[in-house]
**Q** 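Please see the structure below; I have some questions.
Start at 1 and go down the list; that is how both ligands and their atoms are numbered.
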Amino acid sequence: MVHLTHLECPRCGEKLDPTELQNLCPCGAPLLVRYDMEAMKKDVTRADLETGRTDMWRYQKMLPVPTEDIICLGEGMTPVIEAPVLGKDLGVGQFLIKDEGTNPTGTFKARGASAGVSMAKHLGADSVAMPTAGNAGGAWAAYAARAGMDCFIAMPEDAPELTMKECDLFGAKTYLVRGLISDAGAIIKRAVERYGWFDVSTLKEPYRIEGKKTMGLELIGQTGWEMPDAILYPAGGGVGLIGIWKAFEELEALGFIGSERPKMIAVQAEGCAPLVRAFEAGERDSEFWQGAETMAAGIRVPKALGDFLVMDAIYESGGRAVAVSDAEIMEELYKTARMEGMFICPEGAATVAALRKLVADGYLGADDRVMTINTGSGLKYSYVVDIDLPVLDIDDDIEL
Ligand SMILES: *Cc1c(COP(=O)(O)O)cnc(C)c1O
Ligand SMILES: [Zn+2]
C-alpha cells in the first residue's frame, strides 16, 4: 500500500502532482515527497520495520513505489559496525560506522538510484540523464540497465576512472567533461531541453531523497531504537543528510521515536566547503565555491540545490559543518584500515577526520555515542593507496 499524496516545496509551500514526472518547484527549489501520515500510521507496525525483506524495500510502506514497479539489486540493509579501537583513539564513548560500501555499485548512491529509477519507470519515463561526480552515474546506470531505460551521463574527465567504466559497462551513453560537476550539469540541462530526457540531476527529481531516507530508517532499528548522540555525514549535495533527517521526522509522526535528534554534522573538504562557509556565517543558503578541489570526489560539489535543507537540519539539531584537508582524510583512511580492517572511502574518512577535530574542540567526547556514514567502499578508490612492495624470486628468503 502506497501512502504518497503529493510533492511539496520546502521553500514556498507549492504542492505538485506526484502522478506526473516532476523536477524542481517553479520557484527553483527541490521537492519533497509527502504522505498521508494518518493512513501510514495505521498501516506501519514496528514488525514492518524490524522484520521482512533484507534490503531497503523492507520500508516500502514508507516509500512511494508500488511493489510491482520496484527495481531492486539488493540495496540497503547495510551493517552498522562498531569500531572500538578507532573510537578509543578518537576519544568518543562509542564509535559506529554504518558501512554503505556493501551496496550494489559499492556506494549508498544505489539507494537513491533504486528509488529514483523505480519511480521514473513507474511514471512512464523511458530515459534518464544526469551529471555526476562518478558514483551516482555508476549507480543510476546500473538501475537504468535493469529497468530497461536509456541513461545519459556527463562527468568530469578527472572523475574516478572506475566510475566511468561502470557507466559504460552498464550501457549508459557516457560523456567526459573538461570541468566540474557543475559544468557537466550545464551540458545535461541543455541536452534534456533538446531531447526530452528526464533530468535526474541531484535533487532535480524528488525520489532520490526517499531512497536515501532508508539509511535513517535502518540505523535507528540497528541501534536498538536509541538515537546516536551525533551523526557525521560527508556532504556533497547533502541528499543523504536530508534523507536521514526526513526519516526521523516521519518516524516521529508515526510514533516510533520522540522529538530527540542526534547532532547532524555535515563534513566537507577544505578545497570545497560551501556548506561550512554558510554555517560559519550563520546562513541558510550557500554560495558557489570557486575552484573546487579535493581527492574525495563525491563531496566535490561547489553548490548544492538543497543546501538550505542541510543547513536547517544542522541548525535544528545543534549540529555543525566541518571542513578537513585531503592530508587528514588520507591519514584517517589508513588508520581505519589498520585499526579496524575496514577500507573506507575518502568521503567516509573525511568524517573520521572531522570527528577528531570535534573531540579536540570538546564538542564531542567520552560520553558520546557517535555514528558515521561511510558512504562507499574504499575498493572503488584503490588508486589513493600508494604501494612500494618488496619483490622476491623463488630462492630469496624473507628478511625482516
Ligand atoms: C555522492 C557521494 C557523497 C555525497 O553525497 P550527497 O548526497 O551528494 O551529499 C559522499 N560520498 C560518496 C562516496 C558519494 O558517492
Ligand atoms: Zn517552491
**Q** Among T375, T351, I242, which one has a heavy atom closest to atom 13 (C) of ligand 1?
**A**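 Of the listed residues, T375 has the closest heavy atom.
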**Q** Counting both backbone and side chain atoms, is some N or O of Y381 under 3.5 Å from an N or O of ligand 1?
**A**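 No, there is no polar N/O contact under 3.5 Å.
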**Q** Which of these passes side chain to side chain donor-acceptor pair (under 3.5 Å) with E100: T78, T107, N374?
**A**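 Output: one option passes, namely T78.
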**Q** Going from OG on S377 to CZ on F343, what distance comes out if it is rounded to the nearest 0.5 angstrom?
**A**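 Rounded to the nearest 0.5 Å, the OG-CZ separation comes out at 7.0 Å.
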**Q** Distance only, no hydrogens: is a donor on one side chain within 3.5 Å (strictly under) of an acceptor on the other, for W57 and T214?
**A**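 No.
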**Q** Side chains of Y35 and E250, heavy atoms from C-beta outward: is any pair under 4.5 Å?
**A**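 Yes - at least one pair of side-chain heavy atoms lies under 4.5 Å apart.
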**Q** With a cut-off of 4.0 Å, which atoms of ligand 1 are near a heavy atom of G240?
**A**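 Answer, ordered by atom number: 7 (O).
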**Q** For the pair R356 and E328, find out whether any cationic side-chain nitrogen is under 4.0 Å from an anionic carboxylate oxygen.
**A**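 No salt bridge links R356 with E328.
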**Q** Ignoring hydrogens and geometry beyond distance, is a side-chain donor-acceptor pair present between E252 and S259 at under 3.5 Å?
**A**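 Not at all, the side chains of E252 and S259 share no donor-acceptor pair under 3.5 Å.
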**Q** Could you grab the angle centred on the Zn ion (ligand 2), going from SG in C12 to SG in C9, to 10°?
**A**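 Result: 110°, to 10°.
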**Q** Relative to the heavy atoms of N135, which atoms of ligand 1 are at a distance of less than 4.0 Å?
**A**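 In order of numbering, the contacting atoms are 13 (C), 14 (C), 15 (O).
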**Q** Between K109, E100, K380, which one has a non-hydrogen atom sitting closest to atom 1 (C) of ligand 1?
**A**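 It is K109 whose heavy atom sits nearest to atom 1 (C) of ligand 1.
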**Q** So which heavy atom in the protein is nearest atom 4 (C) of ligand 1, and how far is it from that ligand atom?
**A**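 The protein heavy atom lying closest is G298 O, 3.4 Å.
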**Q** If only side-chain N and O atoms count, and only distance matters, is there a donor-acceptor pair under 3.5 Å linking S201 with R208?
**A**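 Side-chain D/A pair, R208 to S201: absent.
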**Q** Considering only heavy atoms of K212, which atoms of ligand 1 have at least one such atom less than 4.0 Å away?
**A**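 This gives 7 (O) as the contact atoms.
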**Q** Checking side-chain polar atoms at under 3.5 Å, does T45 have a donor or acceptor matched by the opposite partner on D48?
**A**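 Yes.
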**Q** Taking only heavy atoms of Y233 into account, list the atoms of ligand 1 that are under 4.0 Å away from them.
**A**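 So the atoms of ligand 1 that pass are 5 (O), 6 (P), 7 (O), 9 (O).
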**Q** Output the list of atoms in ligand 1 that are nearer than 4.0 Å to some heavy atom of A235, sorted by atom number.
**A**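 By the 4.0 Å cutoff, the relevant atoms are 9 (O).
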**Q** Please identify which atoms of ligand 1 are closer than 4.0 Å to at least one heavy atom of G236.
**A**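 Counting from 1, the qualifying ligand atoms are 4 (C), 6 (P), 8 (O), 9 (O).
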**Q** Show the numbers, then the answer: is there a salt bridge (Lys or Arg N to Asp or Glu O under 4.0 Å) between R11 and D285?
**A** CA-CA 11 Å; R11 178 101 60 190; D285 296 291; 3.0 Å; yes
**Q** Please check whether G237 reaches ligand 1 - meaning an N/O of the residue sits under 3.5 Å from an N/O of the ligand, judged on distance alone.
**A**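 Checking ligand 1 against G237, an N or O pair does fall under 3.5 Å apart.
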**Q** Of all the heavy atoms in G238, does at least one lie under 4.0 Å from an atom in ligand 1?
**A**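 Yes; G238 lies near enough to ligand 1 that a heavy-atom distance drops under 4.0 Å.
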**Q** Using a heavy-atom cut-off of under 4.0 Å, does the side chain or the backbone of V239 touch ligand 1, or both, or neither?
**A**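 Both backbone and side chain.
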**Q** E218 and salt bridge (charged side-chain N to carboxylate O under 4.0 Å, His left out): which single residue from K98, R58, K212, K213 fits?
**A**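 Only match with E218 under salt bridge (charged side-chain N to carboxylate O under 4.0 Å, His left out): K98.
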**Q** SG (C27) to the Zn ion (ligand 2) to SG (C25): angle, nearest 10 degrees?
**A**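 Nearest ten degrees: 110°.
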